[in-house]
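For reference, the structure is listed below as structure tokens.
Both ligands and their constituent atoms are indexed starting at 1 by order of listing.
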Amino acid sequence: MKKVYDAYDPQEAYIVKGILESYGIDAEVQDDQLHALVAGVGYTEAVIPTVWIFDNSRYDEAFKILEEYEEKKQSDNEVIWICSSCKEESTEVFTECWNCGKSR
Ligand SMILES: [Zn+2]
């Protein structure tokens with residue numbers, strides 16, 4: 001067993017597990033139950049769900065896959081700004097509102 005990922009929350013851990021399995025790499029999420037247990041009283045930083053793979057020889061492959069996943073996640077989480085005029089959201093690449101044309 002080898003740890004390949006520290007997830008932000010249990011959902012993300014299972015997304016990562018699903019990605020790895022789609023590449024034929026068997027993976028397991030750990031600590032998620034403990035995380036759920038404290039959910040009622042708020043999350044503690046000490047408990048982070050982690051994703052592990054069974055086959056250590058595929059670690060490099062898993063690492064590459066998750067590196068790509070991280071990159072994609074970052075581009076999905078682009079900074080957005082909200083138009084002061086029409087309240088539409090634009091991504092950072094736009095200097096003017098895509099909807100009404102008001103400059104940022
Ligand atoms: Zn606008």
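Lys102 pairs with exactly one of Cys86, Ser90, Ser85 by the side-chain contact (heavy atoms from CB on, under 4.5 Å) rule, that one being Ser85.
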side-chain contact (heavy atoms from CB on, under 4.5 Å) between Phe63 and Lys2: does it pass, once the steps are laid out? CA-CA 11 Å; Phe63 186 82; Lys2 218 168 159 85; over 6 Å; no
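Taking 2.8 Å as the limit, the number of protein N, O or S atoms around the Zn ion (ligand 1) is 4.
Remark: Ile80 CD1 to Thr91 OG1 distance equals 9.0 Å, nearest 0.5 Å.
Grouped by direct or indirect side-chain proximity (heavy atoms under 4.5 Å, Ile/Leu/Val/Met/Phe/Trp/Tyr only), Trp52 sits with Met1, Phe54.
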With a cut-off of 3.5 Å and sequence neighbours excluded, list every side-chain donor-acceptor pair involving residues 15-28.
from: Lys17; atom 1: NZ; to: Glu21; atom 2: OE2; distance (Å): 3.0
from: Ser22; atom 1: OG; to: Ile19; atom 2: O; distance (Å): 2.6
from: Glu28; atom 1: OE2; to: Gln30; atom 2: NE2; distance (Å): 3.0

List, one per line, each side-chain donor-acceptor pair under 3.5 Å for residues 94-101, sequence neighbours excluded.
from: Trp98; atom 1: NE1; to: Glu89; atom 2: O; distance (Å): 2.8

